[in-house]
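Here's the structure, in C-alpha cells; my notes come after.
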Number of protein chains: 2
Amino acid sequence: MLGLLLELVVFVGDDMQRRLARDDLTAARAGVLWALRARGPVTQRELATALAVTPRNVTGLVDGLAAAGHVTREPHPTDRRATLVTLTPAGTRLVERLEDEQREFAGLLFDDMPAERLDALGGGLAEILERMRG
Amino acid sequence: MLGLLLELVVFVGDDMQRRLARDDLTAARAGVLWALRARGPVTQRELATALAVTPRNVTGLVDGLAAAGHVTREPHPTDRRATLVTLTPAGTRLVERLEDEQREFAGLLFDDMPAERLDALGGGLAEILERMRG
DNA sequence: TATTGTTATACTCTATAACTATA
DNA sequence: TATAGTTATAGAGTATAACAATA
C-alpha cells in the first residue's frame with residue numbers, strides 16, 4: 001500500500017484528525033492551542049515564531065479559533081500594535097482534555113522504547129520521545 | 001510546546017516532507033506513487049477508493065504527477081470512459097528509492113517494540129507495526 | 001440508468017508582497 | 001527606520017455538485 005513509515009504517520013495523523021474534528025478543530029489550530037497552553041498569552045508574532053509559520057498564517061488560525069470561542073485577542077498592555085492571544089476558559093478545558101486523550105495513546109506506543117534506540121534517533125526526536133515516557 | 005503525540009507526528013511528518021520536497025513531491029502525491037507501486041496501473045476511480053479521497057482530488061494529484069513525468073494516463077483497454085494511471089520508469093525508480101530511505105528510519109524507531117504492546121494497540125496500527133518489523 | 005472523469009465552486013493551510021498603524 | 005498585524009494574491013489539498021461521455 002503506502003510506504004510503511006508513511007502509513008504509520010498517516011494512521012496516527014488520521015486518528016488525531018478524527019478526534020480533533022469532533023471538536024471542530026484542525027491540527028494547525030490545535031497547535032495554536034497547545035502553544036498557548038505552554039506559554040500563556042503571547043503576541044501573534046511570537047506564535048508565528050513558535051509554530052515556524054508566517055504572521056499571515058497566524059492571522060487566519062487565530063480568526064478561526066476566536067470565532068469558535070477558544071481564544072480572544074486582548075490589547076497588549078504596552079505596545080498598541082500588538083495583540084495578546086489568550087485562551088478562554090472553554091479553550092483551556094478543551095486543550096486539557098485533548099492532552100489527556102493523547103497521552104494515553106502515546107504511552108501505549110512508546111513506554112518501553114529502549115534507551116539505546118533513543119540515542120540512535122538523534123536530537124529532536126529523541127528529546128520528544130524522552131518526554132513522552134516521563 | 002505541542003501535545004507530545006502531535007509533536008511526534010509533526011516531527012516524523014516534517015522529516016518525510018523535507019525528503020519528499022527534494023524530489024518536488026508532496027505527501028499526497030507520494031501516496032499515489034506508493035499505491036501505484038503496490039497495485040500496478042489502476043483507474044482513477046480505484047485510486048480514489050484506495051486513498052479514501054474524492055475522484056476530483058485524484059484528478060489534481062495525477063495532473064501534478066503527470067506534469068513531473070512520474071506517471072502517464074493510458075487508455076483503458078475495454079472502457080473508454082476510464083484511464084489507467086501508470087508509473088513511468090522514472091516514477092518507479094523514484095518510489096523505490098524513497099521506500100529504501102524510509103525503511104531505514106522506521107527500523108530505528110520500532111524494531112524492538114514488544115509483542116504485548118502491539119496487541120494493545122488494536123487493529124490497524126498493530127498490523128502496520130507488525131509489517132514494519134518484518 | 002449508472003459510472004468515469006471532468007469543470008465549477010468553496011474552504012483550510014500555506015506562502016510572498018504591499019500596506020497601515022505604531023514604535 | 002523597524003516592527004505587528006492586516007489585506008491582496010497565489011497554490012496545494014480537500015470537499016460537493018453539476019455535467020459530458022460512455023457503459
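Here is the naming used below: chain letters follow the sequence lines, and residue numbers restart at 1 for every chain.
- Between B/Leu84 and B/Pro77, the shortest heavy-atom contact is CD1-CD, 3.8 Å.
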Test salt bridge (Lys or Arg N to Asp or Glu O under 4.0 Å) applied to A/Arg73 and A/Asp63, step by step: CA-CA 9 Å; A/Arg73 285 184 168 98; A/Asp63 284 350; 3.0 Å; yes
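- For B/Pro55, taking side-chain heavy atoms from C-beta onward, the closest of the listed nucleotides C/dT6, D/dG13, D/dT6 is C/dT6.
- Put simply, the side chain of B/His76 reaches to within 4.5 Å of the side chain of B/Thr78, judged on heavy atoms.
- Side-chain nitrogen and oxygen atoms of A/Thr83 include at least one within less than 4.0 Å of the OP1 or OP2 phosphate oxygen of D/dG5.
- Atoms CD (A/Glu46) and P (D/dT3) sit 15 Å apart, rounded to a whole Å.
- When the side-chain nitrogen and oxygen atoms of A/Thr59 are compared with OP1 and OP2 of D/dG5, none of them lie within a distance under 4.0 Å.
- Note that the CG atom of A/Leu33 and the CG atom of A/Leu25 stand 5.5 Å from one another [nearest 0.5 Å].
- Judged by distance alone, the side chain of A/Thr88 and the main-chain N or O of A/Gly69 form a donor-acceptor pair under 3.5 Å.
- With respect to the salt-bridge test (charged N to carboxylate O, under 4.0 angstrom), the residues B/Asp23 and B/Arg97 qualify.
- In this structure, the CG atom of A/Asp24 is 15 Å from the P atom of C/dC11, given to the nearest Å.
- When atom types are taken as modelled, the side chain of A/Thr49 and the backbone of A/Leu47 share no donor-acceptor pair closer than 3.5 angstrom.
- What separates CZ of B/Arg29 from P of D/dG11 is a distance of 13 Å, to the nearest Å.
- If you take CG of B/Asp14 and P of C/dC13, they are 16 Å apart, rounded to a whole angstrom.
- As rounded to whole Å, 15 Å separates atom C1' of D/dG13 from atom CG of B/Leu20.
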Candidate pair A/Thr43 and A/Glu46, rule side chain to side chain donor-acceptor pair (under 3.5 Å), full reasoning: CA-CA 5 Å; A/Thr43 64; A/Glu46 285 173 279; 3.1 Å; yes
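- Nearest heavy-atom pair across A/Leu51 and A/Gly31 is CD2-O, 3.9 Å.
- Within residues 65-81 of chain B, the residues that place at least one heavy atom under 4.0 Å from DNA chain C are, in residue-number order, B/Arg73, B/Arg81.
- Here the C1' atom of nucleotide D/dG13 and the CD atom of A/Gln17 are 11 Å apart, to the nearest Å.
- Summarising the geometry, the separation between CG on B/Leu47 and P on D/dG13 is reported as 14 Å, rounded to the nearest angstrom.
- Separating the CZ atom of B/Arg45 from the P atom of D/dT22 is a distance of 18 Å, rounded to the nearest angstrom.
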For nucleotides 14-18 of chain D, which of its nitrogen or oxygen atoms have a protein nitrogen or oxygen under 3.5 Å away, and what is each distance?
residue, atom, partner, partner atom, Å
D/dT14, OP2, B/Asn57, OD1, 3.4
D/dT14, OP2, B/Asn57, ND2, 3.1
D/dT14, O5', B/Asn57, ND2, 2.6
D/dA15, OP2, B/Thr54, N, 3.0
D/dA15, OP2, B/Thr54, OG1, 3.2

